[in-house]
Amino acid sequence: MGTMTASSLSREASNYDEASMQQSLLFSDSLKDLKNLRTQLYSAAEYFELSYTNDDQKQIVVETLKDYAIKALVNTVDHLGSVTYKVNDLLDEKVDEVSGTEFRVSCIGQRLRTCQEYIDHEGISQQSLVIDTPKYHKRYILPVGETMHGAVRTKSKYQGCSLDDEDEWYQFRNAVRATITETPTSSARETPTSSVRETPMSAVNSVRRGRSPSPSGRPPPQRSATFSFTSTMPKKESEKRTVSPHRFPLLRSGSVSSRPTTPKTSRPTTPKTSRPTTPSSAPAKKRYPSEPRKSASMRLQAEKENNKDAEQYPSKSKRLLKALLSRRKSKKDDMLYTYLDEY
Amino acid sequence: MARAGGITNAVNVGIAVQADWENREFISHISLNVRRLFDFLTQFEATTKSKLSSLNQKLDTLERRLELLEIQVSTASANPSLFTTS
């Protein structure tokens with residue numbers, strides 16, 4: 001089969017060569033005829049001129065000259081037509097060849113671009129293998145609830161993570177630990193005059209700061225938790241609040257996040273729900289949308305710390321309870337304030 | 001006799017004039033066809049020149065592109081280790 005196709009191809013090639021040779025021979029013959037036609041016309045003109053002057057039968061010479069001129073013109077037109085057709089065909093063929101060559105060159109260019117892209121890709125892969133990607137723990141990179149699928153995504157997460165985030169996390173963790181460890185000592189160290197005489201707005205700010213467990217929340221949330229409650233209350237509200245039987249929730253209301261999140265905190269005995277702490281709680285909640293999840297742990301931690309305080313200072317808590325009970329009986333804040341002054 | 005000779009002369013003159021006009025018509029036809037042939041050759045020359053110029057331009061462009069491709073191939077094949085890695 002291979003020899004048959006090769007022979008057929010060779011025959012086709014030989015036929016093509018023979019046809020092209022025949023065409024080129026015909027073209028050259030027609031060009032030679034055109035060149036010879038000029039001399040023939042000149043010689044014919046001289047002959048007819050001589051015959052017209054010498055011969056007596058001039059009419060016959062004229063008629064013969066007319067016939068010859070017509071035939072010569074037609075022959076010239078034929079020759080020129082064939083030559084121009086062949087030249088035009090040759091030009092079209094060359095243009096087609098050039099178009100085919102352009103196509104081949106564009107194909108070669110495309111292949112070369114592909115090779116270049118491959119080379120670039122290989123180079124990038126080689127260089128990327130050289131670079132050491134920093135490795136962090138997952139909790140420092142991924143948000144909560146998101147899972148990782150594939151190494152590429154892991155790589156992109158690693159690239160997206162920066163040292164600032166890690167620093168912030170580290171600072172936040174240290175701040176939380178510091179507040180947790182400082183809570184008993186700072187509460188004990190807190191002077192009564194400063195806590196009692198604190199203005200409501202500053203108390204609100206302290207409460208807000210304590211309730212917002214943001215990473216940058218440096219002031220400890222527990223520090224103002226025990227004192228801010230008493231200080232935030234105006235006298236009228238405290239009087240009204242002494243009527244309510246929920247006294248321990250009052251103390252617990254000093255915790256981090258129990259008051260503002262639930263609408264139940266507006267107790268039935270206190271008709272004024274717009275306490276100075278409540279309006280500030282809404283923007284704080286908006287400012288930290290992930291607060292409830294984090295404040296839960298903070299609240300638990302604060303309760304634990306409060307329990308520790310209660311264990312460590314039972315006498316003080318008893319005195320505080322006594323003061324509150326006496327306050328309920330007498331409906332006056334003098335004892336509480338005296339106790340707080342002593343405290 | 002004189003009248004008959006004048007008539008024949010007039011007829012001869014008329015025949016000669018007619019023949020002359022026929023010859024002039026023939027020459028005008030030939031010259032018109034030659035001019036048409038000349039116009040055709042002039043037009044053919046113009047079209048052929050334009051085709052040849054466009055062909056020359058294409059060939060120049062192809063030559064430059066081939067030179068560029070040769071350079072790119074030489075630069076790409078300068079580091080054959082990239083192609084040997086599997």
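Per chain, numbering begins at 1; letters A, B, ... match sequence-line order. All heavy atoms count here, side chains included; hydrogens, waters and symmetry mates do not.
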Asks: Could you look at B/Ile30 and say if it's the side chain, the backbone, both or neither that has a heavy atom under 4.5 Å from chain A?
Replies: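 The answer is both parts of B/Ile30.
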Asks: Measuring heavy-atom distances to chain B, does A/Ser99 have an atom under 4.5 Å in its side chain, in its backbone, in both, or in neither?
Replies: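 Only the side chain of A/Ser99 comes within 4.5 Å of chain B.
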Asks: Looking at chain B, which one of A/Val62, A/Leu91, A/Ile108 has the largest number of heavy-atom pairs inside 4.5 Å, strictly under?
Replies: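 Most heavy-atom pairs within the cutoff with chain B belong to A/Leu91.
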Asks: Less than 4.5 Å apart, any side-chain heavy atom of B/Lys51 and any of A/Asn88?
Replies: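 B/Lys51 reaches A/Asn88 side chain to side chain.
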Asks: Do you know which two heavy atoms are closest between B/Arg65 and A/Val105, and how far apart they sit?
Replies: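 Shortest heavy-atom separation between B/Arg65 and A/Val105 comes out as NE-CG1, 3.7 Å.
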Asks: Identify which part of B/Leu69 has an atom lying under 4.5 Å from any heavy atom of chain A, answering side chain, backbone, both or neither.
Replies: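 For B/Leu69, heavy atoms of backbone and side chain both lie under 4.5 Å from chain A.
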Asks: How about B/Phe40 and A/Thr84: do any of their side-chain heavy atoms sit closer than 4.5 Å?
Replies: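 Yes; the side chains approach each other to less than 4.5 Å.
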Asks: Go through the steps for B/Leu52 and A/Lys94 under the test side-chain contact (heavy atoms from CB on, under 4.5 Å), then give the verdict.
Replies: CA-CA 9 Å; B/Leu52 284 171; A/Lys94 296 297 178 188; over 6 Å; no
Asks: Counting only heavy atoms not in A/Glu97 (residues, nucleotides, ligands), do more than 12 fall under 6.0 Å from its CD?
Replies: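 Counting other residues, nucleotides and ligands, CD of A/Glu97 exceeds 12 neighbours.
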Asks: Assess whether atom CD of B/Gln57 is packed by more than 12 heavy atoms of other residues, nucleotides or ligands within 6.0 Å.
Replies: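 It does not: B/Gln57 CD has 12 such atoms or fewer within range.
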Asks: Which one, B/Thr61, B/Ile27, B/Leu41, leads in non-hydrogen pairs under 4.5 Å with chain A?
Replies: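 Maximum pair count with chain A is reached by B/Leu41.
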Asks: Would you find more than 12 non-hydrogen atoms of other residues, nucleotides or ligands less than 6.0 Å from A/Gln57 atom CD?
Replies: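 Count not over threshold, so no.
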Asks: Please tell me if the side chains of A/Thr101 and B/Lys58 come closer than 4.5 Å, counting only heavy atoms from C-beta onward.
Replies: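 No, every pair of side-chain atoms sits at 4.5 Å or beyond.
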